[in-house]
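Here's the structure we're looking at; comments come further down.
Order of the sequence lines sets the chain letters (A, B, ...), proteins ahead of strands, with each chain counted from 1.
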Amino acid sequence: MSTVPTAPTDKAPSATDNSDLEGQMRDRRRIVHELRAKGHNPFANDVRPSHQIFELPASRAEDVASLPLESDLPADAPRYAVAGRLLQVNEMGKAKFLFIRGDRGAMLQLYLKADVAEAFALSNQLGLGDFVLAEGPLFRTRKDKRALRVGHLRLLSKAIRPLPGKALQDGPKVSDEDWRYRQRYADMIVHPEVAEVFRKRATIVREIRRFFDERSYVECDTRMLLSTNGGAAAKPFRTHHNALDQDLYLRIATELDLKRLVVGGLDRVYEIGRIFRNEGLSRFHNPEFTSIEFYESYATYENLMDLTEELLERVCQVVNGTTTIDYQEHKDVRLCRPFRRATMRQLVKEARPDAPIADGPCSDAEYAALPGYAKTVLGVKAPTGYGHALVALFEEYVEKTLVQPTFVCQFPTEVSPLSRKSDADPRFVDRFELFVIGKELANAFSELNDPDDQRSRFAEQVSAKAGGDQEAMDYDEDFCRALEYGMPPTAGEGIGIDRLVMVLTNSASIRDVIPFPQLRPEVANPAEGEAK
RNA sequence: GGGCUUGUAGCUCAACCGGUAGAGCAGCGGCCUUUUAAGCCGUUGGUCGUGGGUUCGAGUCCCACCGAGCCCA
């Protein structure tokens, strides 16, 4: 592209070619050079604000009355030096208002008059997006708005690239343009509510951490690079360590390492961290996401239901000030105790009363008949075997109906290779998943701590993998060795942080709660010069 | 992978049955000393995603490809 103008005579910016993006940027670069030529640094870093905008007095509309009118400003009125990004200019001849935004989205309008000659001259060289520092007293305008009468004005940082769209605008702007995700920095400038979601996310994570720290859990960071794939049903990312000449997987769960730590004596342990799964993208799936997994010795999965209720109720209360929330089309989702608890069999039976499911414990007749039933109602895609058939029926008929928080208990053993078998019926495990708004939010179980049982479950996984199941786990010999040293009775749980943040911030897409979500590669369109 | 929708100025979007591309904002030039998405006057800016086809004539119809969004496996 063409670069900065070399000759100072190079205009007189007559309206020729400066309305396209390139022209606008060239124009802004020209201003940078002009300022430098006059001895001003357009990227200054020799001043500090005395206040953040959000700290200024009369931030609330009802407090503005405490400020004097400009004509009544006393000579000793307190002066403030504040900085922010310029987002809008209302010009009116020999006076103008500049709107700047500081941290936390706090807005301030600056009132600038021509008789402050130097500042006024500088203001003519500003563009939307520039960072400025202004100094002066606060006053109340005739429209009862707070404004700072500018005595001094500095350009702190010149924005070379103009902002996309209009930075300040009334009403909600709903657009799902992909530039918002590709250029999140620009998105956040134009849509401050995006940053608000990330702030809430930080609050949620902080509160979760506090919750477990209060209960004497220890936070640990375990390996992300592993030579075996396990801890969940998912396809891993592969990578390679050069020095060791060893292929490695990015972890798909923190489960097995955390249980190793339980074996080692950390009776209560948790990890909040990034998980990687080599799967498709959707509103609810990003290939890297954040989970918390926590493990508590001498607890059962039923204890974890109590704990989970308490945790979610508290986090929701802290973030939203209430435990009843709306999520998109779902109104009045009640994240307050108690959540419903039901077995998977019970829920499938409710949704499909004709299903051959017994009222009490699973009968042999039920065990034999359910796969055939699944075949009939689901068609060819129905899996064979009782456990997979039950899960398929659950996913097809029940899952999306679970809008209010529901603990789905008693999963089939064959889909739960790390869970402890139920004492009452070894065909099921002591496991639950928590569903809210029809989506899985948490997965928990009493941990399998019988090393020989674990070995046979791994063996089943290995044969499933050989049979083509790409999500099956590897045989983790070291983990079995750990269990052979003895693991106390333990229950553990994983919660998807991103989905929890979605629910608690009413975000429609996981892309709205992850700063830099995975996107298809940006393709440069030669015709455009600037890919968008 | 399948279905639906979609791609026009820097941004957001128009353009009837196919008739030769338009508005707001941004930019640029002017006016205005209390504005609130300020206002007023003027003005620059487009190979209509790409490539084919039909037609006297295509942003518009057809095909393919590329990108995006939503839904489904």
Side-chain angles (χ1 to χ4, degrees), chain A residues 11-28 30-31 61 64 67-73 86-100 107-116 120 123-129 139-150 159-183 186-187 189-191 279-285 328 378-382 392 395-396 400 508-509 511-512 517 519-532:
Chain A
K11 56 186 87 152
S14 61
T16 49
D17 56 351
N18 55 356
S19 69
D20 62 349
L21 179 61
E22 235 179 81
Q24 288 187 41
M25 291 179 67
R26 193 160 48 234
D27 222 47
R28 287 170 178 242
R30 179 177 53 76
I31 289 172
V64 172
L67 295 172
L69 288 169
E70 194 212 358
S71 52
D72 300 335
L73 268 174
L86 180 63
L87 294 179
Q88 188 192 326
V89 179
N90 288 354
E91 253 187 296
M92 49 214 67
K94 298 198 171 61
K96 64 179 75 173
F97 285 92
L98 310 182
F99 293 74
I100 64 173
M107 295 293 306
L108 179 69
Q109 53 176 347
L110 312 176
Y111 179 59
L112 192 50
K113 290 204 285 194
D115 47 23
V116 189
F120 200 80
S123 74
N124 289 327
Q125 306 218 267
L126 296 178
L128 301 189
F139 70 100
R140 165 168 51 101
T141 70
R142 287 178 203 156
K143 297 281 178 63
D144 283 329
K145 300 294 180 188
R146 180 183 69 174
L148 184 142
R149 193 187 67 189
V150 175
I160 299 299
R161 188 178 287 269
L163 294 172
K166 195 161 170 53
L168 272 193
Q169 187 177 309
D170 272 351
K173 286 162 291 186
V174 198
S175 78
D176 291 322
E177 303 299 311
D178 78 315
W179 70 262
R180 297 186 55 186
Y181 300 119
R182 297 197 189 278
Q183 301 186 37
D187 181 31
I189 297 165
V190 180
H191 303 100
E279 295 165 353
L281 309 172
S282 84
R283 268 178 66 201
F284 290 94
H285 296 86
Q328 306 290 308
L378 296 176
V380 287
K381 61 182 176 175
E395 288 175 350
E396 179 70 22
K400 63 178 73 67
S509 169
R511 289 179 174 182
D512 297 323
L519 301 171
R520 284 198 169 76
E522 192 168 6
V523 283
N525 184 341
E528 294 187 20
E530 178 75 12
K532 59 173 193 172

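In the set U34(B), U35(B), U33(B), the nucleotide with an atom closest to the side chain of Glu70(A) is U34(B). The nucleotide whose nearest atom lies closest to any side-chain atom of Tyr111(A) is, among U34(B), C71(B), U35(B), U34(B). Relative to the side chain of Leu128(A), the nucleotides G27(B), U35(B), U33(B) differ in distance, and G27(B) lies closest.
Across C62(B) and C4(B), the matching P atoms stand 13 Å from one another, rounded to whole Å. Atom P of U36(B) sits at a distance of 14 Å from the matching atom of A26(B), rounded to the whole Å. Only the C1' atoms considered, A14(B) is 32 Å distant from C32(B), to the nearest whole Å. Nucleotides C66(B) and A23(B) are separated by 36 Å at their P atoms, to the nearest Å. Atom name P, nucleotides U8(B) and G46(B): the rounded distance is 15 Å, in whole Å. Taking atom P in both A64(B) and G57(B), one finds a spacing of 23 Å when rounded to whole Å. Distance noted for atom C1' between G27(B) and U12(B): 16 Å (whole Å). Across U47(B) and G22(B), the matching P atoms stand 15 Å from one another, rounded to whole Å.
For the side chain to side chain contact (heavy atoms under 4.5 Å, CB included) test, residues two or more places apart in sequence or in another chain that qualify with Leu73(A) are Pro68(A), Glu70(A), Ala77(A), Pro137(A), Phe139(A), Arg149(A). For Ser282(A), the side chain to side chain contact (heavy atoms under 4.5 Å, CB included) test picks out Phe284(A), His285(A), with sequence neighbours left out.
Note: CG (Leu281(A)) to C1' (C72(B)) measures 16 Å, nearest angstrom. In this structure, Gln24(A) places its CD atom 11 Å from C1' of U44(B), rounding to the nearest Å. When rounded to the nearest whole Å, the span between CG of Leu108(A) and C1' of U35(B) equals 14 Å. Ile160(A) places its CD1 atom 15 Å from the C1' atom of G27(B), with the value rounded to the nearest Å. Distance, Phe99(A) CZ to A37(B) C1': 9 Å, rounded to whole Å. Atom-to-atom, NZ of Lys96(A) to P of C32(B) comes out at 13 Å; the value is rounded to the nearest Å. Atom CG in Leu86(A) sits about 14 Å away from atom C1' in U35(B), given to the nearest Å. Between the P atom of G27(B) and the CG atom of Asn124(A) lies a distance of 13 Å, rounded to the nearest Å.
Taking side-chain N and O atoms only, Arg511(A) has a distance below 4.0 Å to OP1 or OP2 of G69(B). Not one side-chain nitrogen or oxygen of Lys143(A) sits closer than 4.0 Å to the OP1 or OP2 atom of U34(B). For Arg283(A), a side-chain nitrogen or oxygen approaches OP1 or OP2 of C71(B) to under 4.0 Å.
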Carefully, step by step, assess Tyr111(A) and Lys113(A) under the rule side-chain contact (heavy atoms from CB on, under 4.5 Å). CA-CA 7 Å; Tyr111(A) 179 59; Lys113(A) 290 204 285 194; 3.5 Å; yes
Show the numbers, then the answer: is there a side-chain contact (heavy atoms from CB on, under 4.5 Å) between Lys96(A) and Phe120(A)? CA-CA 9 Å; Lys96(A) 64 179 75 173; Phe120(A) 200 80; 3.7 Å; yes
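Among the heavy atoms of the strands lying under 4.0 Å from Phe139(A) is at least one base atom, whether or not backbone atoms are also near.
The nucleotide G27(B) finds its pairing partner in U43(B), both defining distances of the Watson-Crick or G-U wobble pair being shorter than 3.5 Å. Within the shown strands, nothing qualifies as a pairing partner of G18(B) under the Watson-Crick or G-U definition with both distances less than 3.5 Å. With a cut-off of 3.5 Å on both pairing distances, U60(B) has no Watson-Crick or G-U wobble partner at all.
Not a single donor-acceptor contact under 3.5 angstrom links the side-chain atoms of Glu91(A) to the base of U35(B).
Syn is the classification of C17(B), since its glycosidic angle stays within 90° of 0.
Looking at Arg161(A), its side chain never comes within 3.5 Å of a backbone N or O of Met25(A) through a donor-acceptor pair. Of the possible donor and acceptor atoms, one in the side chain of Arg140(A) sits under 3.5 Å from a partner among the backbone N and O of Leu67(A). One N or O on the side chain of Gln109(A) and one on the backbone of Arg146(A) form a donor-acceptor pair closer than 3.5 Å.
The two atoms that bring Ile160(A) and Arg28(A) nearest to each other are O-CD, 3.1 Å, heavy atoms only. In plain terms, the two heavy atoms of Ile100(A) and Leu86(A) that are nearest each other are CG2-CA, 4.0 Å.
Judged by closest nucleotide on RNA chain B, Arg28(A) is the one of Arg28(A) and Ala95(A) placed further toward the 5' end. Between Gly93(A) and Lys400(A), the one whose closest nucleotide on RNA chain B sits nearer the 5' end is Gly93(A).
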Between protein and nucleic acid, restricted to nucleotides 2-5 of chain B and to nitrogen or oxygen atoms under 3.5 Å apart, what atom pairs and distances do you find?
none

